[in-house]
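These notes are about the structure you will find just below.
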Amino acid sequence: MLPKQEVVAMLLAGGQGSRLGVLTRKVAKPAVPFGGKYRIIDFPLSNCANSGIEAVGVLTQYQPLVLNDYLGNGQPWDLDNDNAGVHILSPYEQKDGANWYSGTANAIYQNINFIERYDPEYVLILSGDHIYKMDYSKMISFHAEHNADCTIAVIDVPLEEASRFGIMNTNPDGSIYEFEEKPAHPKSTNASMGIYVFSWNKLRKYLILDAQDPNSSNDFGKNVLPAMLENGEKMYAYPFEGYWKDVGTIDSLWEANMDLLDPKTKLDLTEKKNKIYSRNPMLPPHFVADCADIQNSMIADGCNVYGSLEFSMLFHGVTVKEGAVITDSILFPGVVVEEGAQVNFAIVAEGTVIGKNSVVGAKPEEVENRDDWGITVIGENLNIGEGAVVAPKAMIDQDIKGVK
Amino acid sequence: MAGRNMAGILLTNFQDSYIPELTTLRTFSSVPFGAKYRLIDFSLSNMVNSGISKIGVVTKNNYLSLMDHIGSGKAWNLSRRRGGLTFLPPFDNTADKYNTFVQTMDSIRDFINNCYEDYLLISSSMNVVNIDYQQMFNAHLKNNADITVCYRKEFLSKVNQAEYLVLSLDSNNRVSEVLINPRGVESTICMIRTAIVKKDFLLDIVDDCLSRSKYDFARDVIQPCVKQHKVYGYEVTSYCAELDTIQNYFKANMDLLNADVRADLFNMRNPIYTKVRDDMPTKYGLESKVKNSLISPGCVIEGEVENSIIFKGVRIAKGAKVSNCIIMQDCDIGEDTTLNFVVCDKDVVVNPKRMLCGIDSYPVCISKKSVV
């Protein structure tokens, strides 16, 4: 028998993240690189470790190879605990057949056995597509103090953006009386962050009820939470203050990376305590050459910079050759930018080579019609030929021939 | 894999007097080097990359930073059930014996006897080099040697006051003579303090030396051995720096600004491992100006940096000018400060508007945690 864990965290990491296009062609969204050295999943995992949560189930389904490899035994996050630690939970064959995870609630339902091993009081549900630092133990204390059945973390968003989120309408004591999914006319600005604390006995009951309902789409937001509210269970909104960003789209992923370059950013990754941990490649420090010019950028280990960088982010092992100019762009690990190439407002995935004198993307002011402009995205391990031009807003998934 | 039949022994304290500026609070092996490494990372990684999986780290004093750095050996994949890394500090009343090579080997006799491996690779971890010990081991077997030592060709004029051994070799690379600190020679063959020897052979030599009260490696082990046994040399042709003085330490750091040297030392097949601290990538501010420098993660650079080696977590404020410097972990360089040919040890704070200047033959060293 395993020692009891007060809290078990379940991290939903099975989503495809189709809005990230070529970036998630071969990797699940939580494994998408972020912030010059991290992957998105480092944030919830490090938050768990920093909050003292020792048992974490990671639910995977879509393209799990990179993600599984990355998680390994959980050692980088101190989650390689013999009695708990991180566990990869993929769909499996059961006595009455094999089922994929049909929804967020179903994924947890299929792993009730995993959770029960720890006999927990609370289950924390997390998703793998948000960038934030949060002490979950405070939220769990809040949940316990209010004797709640379910607590949902909320963040105050600007009114004009509220209709993009699930909005929690609360009484003055913080209890939730209504929620609206992407309301056209929001009544409040408390947006759900997709972080839930449940008392395990209640969640277990509702997961089983939900699984028995053939019409349910087995989703927390659409089915389980409304059912609990309808039955008068005690549900509270836990207000969170700090940096939080959904990185589910190309634009938001790019913005969140750029937020790190803002000297006034609320997301502090330099703290000695509550670090964000990650698996670190063994590369030498980065080298900045005589001919380089670097302005407001971030650079990871193993890079060689001979060109110019402005408002850009280089992951580990990137080479920027002489005369290349990178502005407002994010280059994933191992990208090579050849001499004289220009990369503007782009995300370039792992291992791609941008050929000599090619031009990738454009600055917004260079485009006549503002609707034609957007972030250019180039998939992994591609070759952009010498002198090629890649239009702004393009999403490239195959090699582009050079023009001589 | 050669490593299957070879265990490693790393000596960490013998050279402590070479760079006193940096070893008052640490062993020679744990001297920070190259923006993110410590000296021992090179020998430790070389051993691991050559398949050696049982390593004893011999250390006498000042070993807090060494132990903190190496920990369980996880970063070098040495935290393991079979073999792995063992610290060998003095125990019982053996501390004073750790001053000489022969007595040290005698003190760690139990460790040596308990190795399943027949051969030992003994290294003083004072060199910055990426070397394949497997090839050296193959040469050792092929020559049917009793001892194989590493050497490199070096112009003696560059060699400094520390003790150095000069070899004479025959056409088969067999060592015919070992000279200690010879004068007046133009160019020659210098021994690197790394050797392969059969376990039983070493212990026999140690016993013999002990019975004659002879303890020194150079005078009592290698010099007599050359006459009586088969001692071979193995040439290291890639970049190799010996950090026997602060000037050489400074120069070796600056050598890393040369792309060929980096290519020799750092490659994906034989990486140099080190302890990782989860720092964010380095952030460059607007108006930062960085030229020809090697920079570790976790820094925030808003000033000017040129021809410098910058370790983890260093902050360089606006208006600061750092040229030809080695700035170690977590130093804080204040606004409008000018530093030229300065080595800042860890956690140094340089207040705004200070000006410090050394010269390449005599860099200014600022000791750990000083406030300027």
Side-chain angles (χ1 to χ4, degrees), chain A residues 34-38 42 46 49 75-78 80 257 260-263 265 267-272 274-306 309-319 334, chain B residues 34-37 41 45 48-49 72 74-77 79 130 256-259 261-263 265-268 270-302 305-313 315 330:
Chain A
F34 177 83
K37 70 175 284 198
Y38 309 97
D42 288 330
S46 302
Q75 196 267 338
W77 305 270
D78 281 346
D80 56 338
N257 274 288
L260 284 179
L261 299 177
D262 180 352
T265 183
L267 183 65
D268 183 6
L269 299 180
T270 63
E271 282 179 300
K272 292 238 153 113
N274 300 328
K275 280 189 177 176
I276 301 300
Y277 302 97
S278 62
R279 211 170 266 286
N280 293 288
M282 278 299 163
L283 289 169
H286 67 266
F287 175 70
V288 180
D290 257 337
C291 46
D293 180 26
I294 303 172
Q295 295 301 313
N296 208 51
S297 294
M298 266 170 103
I299 304 180
D301 270 349
C303 291
N304 284 294
V305 185
Y306 293 84
L309 296 181
E310 213 172 285
F311 289 83
S312 290
M313 185 168 279
L314 305 190
F315 281 72
H316 51 261
V318 169
T319 304
Chain B
K36 70 183 285 193
Y37 303 98
D41 293 340
S45 302
V48 169
N49 291 336
S72 67
K74 177 82 181 76
W76 297 263
N77 297 319
S79 172
N130 193 326
L256 297 178
L257 299 177
N258 177 335
V261 171
R262 288 202 305 280
L265 287 178
F266 307 116
N267 65 72
M268 294 300 277
N270 296 306
I272 303 300
Y273 299 94
T274 187
K275 179 186 167 189
V276 172
R277 196 175 80 160
D278 281 79
D279 287 294
M280 61 160 200
T282 280
K283 231 172 166 173
Y284 292 80
L286 272 176
E287 296 166 43
S288 71
K289 206 168 154 190
V290 179
K291 305 276 176 204
N292 196 37
S293 294
L294 197 66
I295 297 174
S296 250
C299 302
V300 179
I301 299 178
E302 291 174 316
V305 179
E306 200 183 2
N307 308 333
S308 293
I309 307 289
I310 311 290
F311 283 70
K312 289 175 269 195
R315 288 178 183 246
D330 296 322

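Chain letters run A, B, ... following the sequence lines, proteins first and then strands; every chain starts at 1.
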| request: Counting only heavy atoms closer than 4.5 Å, note whether B/Pro271 contacts chain A via side chain, backbone, both or neither. | output: side chain
| Contact class of B/Asp330 relative to chain A, heavy atoms under 4.5 angstrom | side chain
| request: Could you look at A/Glu310 and say if it's the side chain, the backbone, both or neither that has a heavy atom under 4.5 Å from chain B? | output: neither
| task | Answer yes or no: is there a donor N or O on one side and an acceptor on the other, between the side chain of A/Asn280 and the main chain of B/Asp278, under 3.5 Å? | result | no
| message | Under 4.5 Å from any heavy atom of chain A, what part of B/Lys74 do you find: side chain, backbone, both or neither? | response | side chain
| A/Leu309/A/Ile299 under side chain to side chain contact (heavy atoms under 4.5 Å, CB included): CA gap, chis, key distance, verdict | CA-CA 10 Å; A/Leu309 296 181; A/Ile299 304 180; 3.7 Å; yes
| said: Counting heavy-atom pairs under 4.5 Å with chain B, which one of A/Ala292, A/Gly302, A/Pro281 comes out on top? | reply: A/Ala292
| query | Given the options A/Asp290, A/Thr270, A/Leu269, A/Leu261, which has more heavy-atom pairs under 4.5 Å with chain B than any of the others? | reply | A/Asp290
| said: Strictly distance-based, threshold 3.5 Å: is any side-chain N or O of B/Asn292 a donor or acceptor partner for the main-chain N or O of A/Ala289? | reply: no
| remark: Of the listed B/Val290, B/Val300, B/Asn307, the one with the largest count of heavy-atom pairs under 4.5 Å with chain A is B/Val290
| note | By ring-ring contact (aromatic ring centres under 6.0 Å, His included), B/Phe266 pairs with (sequence neighbours left out) B/Tyr37
| task | Select one option (side chain, backbone, both, neither) describing which atoms of B/Ile301 are under 4.5 Å from chain A's heavy atoms. | result | neither
| query | Counting heavy-atom pairs under 4.5 Å to chain B, which of A/Ala300, A/Ser297, A/Gly36, A/Pro76 comes out on top? | reply | A/Ser297
| task | Between chain A and each of B/Asn267, B/Asp279, B/Ile272, count heavy-atom pairs under 4.5 Å; write down the option with the most. | result | B/Asp279
| query | Is chain B contacted by the side chain of A/Asp262, its backbone, both, or neither, given a heavy-atom distance below 4.5 Å? | reply | backbone
| query | Are any side-chain N or O atoms of B/Lys283 and backbone N or O atoms of A/Leu260, one a donor and one an acceptor, separated by less than 3.5 Å? | reply | yes
| Per-residue contact mode, A/Phe315 against chain B (heavy atom under 4.5 angstrom) | neither
| Between A/Lys37 and chain B, which part of the residue has a heavy atom less than 4.5 Å away: side chain, backbone, both or neither? | both
| said: I need the residue from A/Leu283, A/Asp293, A/Asn304 with the largest number of non-hydrogen atom pairs under 4.5 Å to chain B. | reply: A/Leu283
| message | Strictly distance-based, threshold 3.5 Å: is any side-chain N or O of B/Ser293 a donor or acceptor partner for the main-chain N or O of B/Ser308? | response | yes
| said: side chain to side chain contact (heavy atoms under 4.5 Å, CB included) for A/Met282 and B/Val276? Distances and angles first, verdict last. | reply: CA-CA 9 Å; A/Met282 278 299 163; B/Val276 172; 3.7 Å; yes
| task | Could you walk me through whether B/Tyr273 and B/Asn49 pass side chain to side chain contact (heavy atoms under 4.5 Å, CB included), step by step? | result | CA-CA 10 Å; B/Tyr273 299 94; B/Asn49 291 336; 3.5 Å; yes
| field | Flag, side chain of B/Ser45 to backbone of B/Thr274, donor-acceptor distance under 3.5 Å | value | no
